[in-house]
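See below for the structure under consideration.
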Amino acid sequence: MTVAVPGGPRSKDRPVVDRSFLWFLLPTLLQTLIGVGVMVPITTYYLDPADLGTVAILTACAMLVTPLASTGDNWVLSTYWHATPEAGRRELLFNLLLANAGMKTVWVVVFWLLSPVLLPQVIRDYRPEYQQYFGLVLLGLLTGTLWGTLSPLMVIERAPVSHAVNESLQWVAGATTTLVGLSVMKIGILAMFLAPIAAGLVSVLHGFHYAARRVSLRPSLHWSRQIVRSGLPAIPFSLMDVVANSMDRFVIQRWLDLSTLGIYAHSQSYRGMFVTVTKAYSRTMTPTFLELFAGNPRQSQQQVEETVSLWYLCVAAGGILVTLFSADVIHLLTHGKFDRAAELVPIWFLLVCVHSLAIPYTQYLLTARRSVLLSWSSVLMGMSTMGLVAAATWLFGVIGATSAAVFGAFALHGMRFFLARRFGCPYGIEPGAIWSMAAVLVVYMVTYTVGLPFSVKVLMAIAVIAVVGVKTAPLWSWQVVARLWSAPR
């Protein structure tokens, strides 16, 4: 990574990784640990792969509402927030929330009215109760509307505590609803559809409290035009992203069966854990990159490089450990029902490297106001990825779908890198990302082709942890810990 960053006293006062990283990371980390240790064993005890397959295909159909109703909140806020005075920000936020809620409501109603006709055509083993389940999925999306706007706002405003509280409340509400529904009320798969509704309702309550001091109830024709101008280009990008992510579920349940889709969806639940951990890194670094590309950096080049290198070292170590022990852990947690998901999980872990690699280039294109180019290039790559996923599923089954989806994400972010460099982005390729992906792939090939005894896996894990410990040894001092816990300014 090479970039010229003006140094100065202020850039040395503020560490790249401060308390915000911990607030973004710790809720996700706790949710991951509780989810793996408690939620997975309980849900897989009461539900079978076919049940999770049903949840997966109905959710995939409903998720098309999100891009169609998108107002490009993240794109709009990234483009205008730092360039707008306080009064203008209040009006911008109100009009963004108003547009988001209106669009989401319209599309939820449209999808509900069309569901009796479309669902039997889409789902191979359709049952009448699926329409009721689909209505609950749509209601869950509607209750989560406010969070779609406030989440990127909290990131840009460096409000990690509020972000952590909202995410934690959502997770607790959803997890509680699932546990009570499965183990106490015995309502089976219905509990999986009620959980997002409960999560969305508590998010709305907290979101109102956060947004109340930041909005002015003034509809603005000016901001409506700016939202349309900057937000509409996000619709093709978001739509293609969702369609591409739904294509794999569609072809798996059409060409294979719902049980196989359930195995695939279960492996994606671990992918969700990996991606949410990555988001802690992304949410910490995004303001840094936005300030850097706006010509007002708070950190030196050396600070940023040290942080990025340490991140990819930890990513490589985590990927190796996941690859070595995913089969044993999944067999234990899922009562042997979902063992076939184990070989898919390390492939999903590669998305941590891919998504981390894309952060500076995506933010540069947004700062340079190249959102239209960013959107349509993503559409092109999304179409290519859908074709690749379909072909790979037909030829190689579920592992082909997984590999094709990860490769498509890598190709998409590779295109963003080349576009960003073409328009003057000073960042080069991150060598740590390439090395971490290569390390995980090598261990994966050895584990699933040659096979490794458990004792050898344990020795390899000890070696990996030792290397990380040595490399991060300078961090384990009271001074660095105090700097890490310093309050964001």
Side-chain angles (χ1 to χ4, degrees), residues 32 36 40-41 44 49 52-53 56 248-249 251-252 255-257 259-275 277-278 312-356 385 388-411 433-465 467-468:
T32 299
V36 170
V40 168
T44 55
L52 294 188
D248 48 3
R249 299 187 177 193
V251 297
I252 288 172
W255 294 344
L256 302 174
D257 52 48
S259 293
T260 303
L261 177 58
I263 296 292
Y264 182 77
H266 181 73
S267 74
Q268 286 185 314
S269 67
Y270 298 96
R271 179 195 70 171
M273 296 176 187
F274 302 148
V275 172
V277 172
T278 309
Y312 283 117
L313 174 65
C314 295
V315 166
I320 292 172
L321 294 177
V322 166
T323 303
L324 291 175
F325 298 107
S326 60
D328 303 287
V329 172
I330 290 176
H331 178 78
L332 177 65
L333 294 176
T334 65
H335 319 283
K337 293 182 180 180
F338 293 81
D339 288 355
R340 291 166 54 198
E343 63 180 354
L344 308 180
V345 173
I347 302 176
W348 289 126
F349 188 88
L350 294 175
L351 289 175
V352 177
C353 306
V354 174
H355 290 167
S356 300
T385 301
L388 182 62
V389 167
T393 304
W394 179 264
L395 294 173
F396 305 108
V398 68
I399 195 169
T402 307
S403 303
V406 173
F407 180 81
F410 181 78
I434 306 302
W435 282 111
S436 60
M437 284 188 286
V440 174
L441 285 173
V442 169
V443 175
Y444 180 83
M445 295 300 295
V446 173
T447 302
Y448 286 95
T449 57
V450 178
L452 295 174
F454 187 77
S455 58
V456 175
K457 294 180 180 180
V458 171
L459 292 175
M460 292 178 63
I462 293 174
V464 168
I465 294 172
V467 170
V468 173

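- Here F274 contributes atom CZ and C353 contributes atom SG; the two are 11.0 Å apart, rounded to the nearest 0.5 Å.
- Between D328 and L332 there is no side-chain heavy-atom pair separated by less than 4.5 Å.
- Within 6.0 Å of atom CZ in F407, 12 or fewer heavy atoms from other residues, nucleotides or ligands are found, so the atom counts as exposed in its surroundings.
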V354 and M437: CA distance, side-chain angles, deciding distance, side-chain contact (heavy atoms from CB on, under 4.5 Å) verdict: CA-CA 9 Å; V354 174; M437 284 188 286; 4.1 Å; yes
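- Residues A461 and L324 approach most closely at N-CD1, 4.1 Å, considering heavy atoms.
- The side-chain heavy atoms of V40 and H266, taken from C-beta on, include a pair separated by under 4.5 Å.
- Atom-to-atom distance recorded for D257:CG and I263:CD1 is 9.5 Å, nearest 0.5 angstrom.
- Atom CD1 of I320 is separated from atom CE of M460 by 6.5 Å, given to the nearest 0.5 angstrom.
- Within 6.0 Å of CZ in F338 there are more than 12 heavy atoms belonging to other residues, nucleotides or ligands.
- Of all heavy-atom pairs between A404 and A392, the closest is CB-CB, 3.9 Å.
- The side-chain heavy atoms of I252 and V398, taken from C-beta on, include a pair separated by under 4.5 Å.
- Across all non-hydrogen atoms, the minimal contact from Y312 to S356 is OH-C, 3.3 Å.
- Note that the CZ atom of F410 and the OG1 atom of T385 stand 12.5 Å from one another [nearest 0.5 Å].
- Here the shortest heavy-atom pairing between S403 and I347 reads OG-CD1, 3.7 Å.
- Scanning both residues, A401 and T393, for their nearest heavy atoms gives CB-OG1, 3.2 Å.
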Can I get a per-line list of side-chain donor-acceptor pairs under 3.5 Å for residues 438-453, giving both atom names and the distance, sequence neighbours left out?
| residue | atom | partner | partner atom | Å |
| --- | --- | --- | --- | --- |
| Y444 | OH | E343 | O | 2.9 |
| T447 | OG1 | V443 | O | 2.7 |
| Y448 | OH | S326 | OG | 3.2 |
| Y448 | OH | A342 | O | 3.4 |
| T449 | OG1 | M445 | O | 2.1 |

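- L261 contributes atom CG, which lies 9.0 Å from atom CG of L256 (distance to the nearest 0.5 angstrom).
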For side-chain contact (heavy atoms from CB on, under 4.5 Å), just list the numbers for Y270 and I330, CA-CA rounded to whole Å, side-chain angles, deciding distance to a tenth of an Å, and then say yes or no. CA-CA 10 Å; Y270 298 96; I330 290 176; 3.7 Å; yes
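- Residues D248 and Q268 form a side-chain contact, since some pair of their non-hydrogen atoms from C-beta on lies under 4.5 Å apart.
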Take L344 and Y264 through the side-chain contact (heavy atoms from CB on, under 4.5 Å) test and state the conclusion after the steps. CA-CA 8 Å; L344 308 180; Y264 182 77; 4.3 Å; yes
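- The neighbour count for W255 CH2, taken as heavy atoms of other residues, nucleotides or ligands under 6.0 Å away, is above 12.
- Scanning both residues, A317 and V464, for their nearest heavy atoms gives CB-CG1, 3.5 Å.
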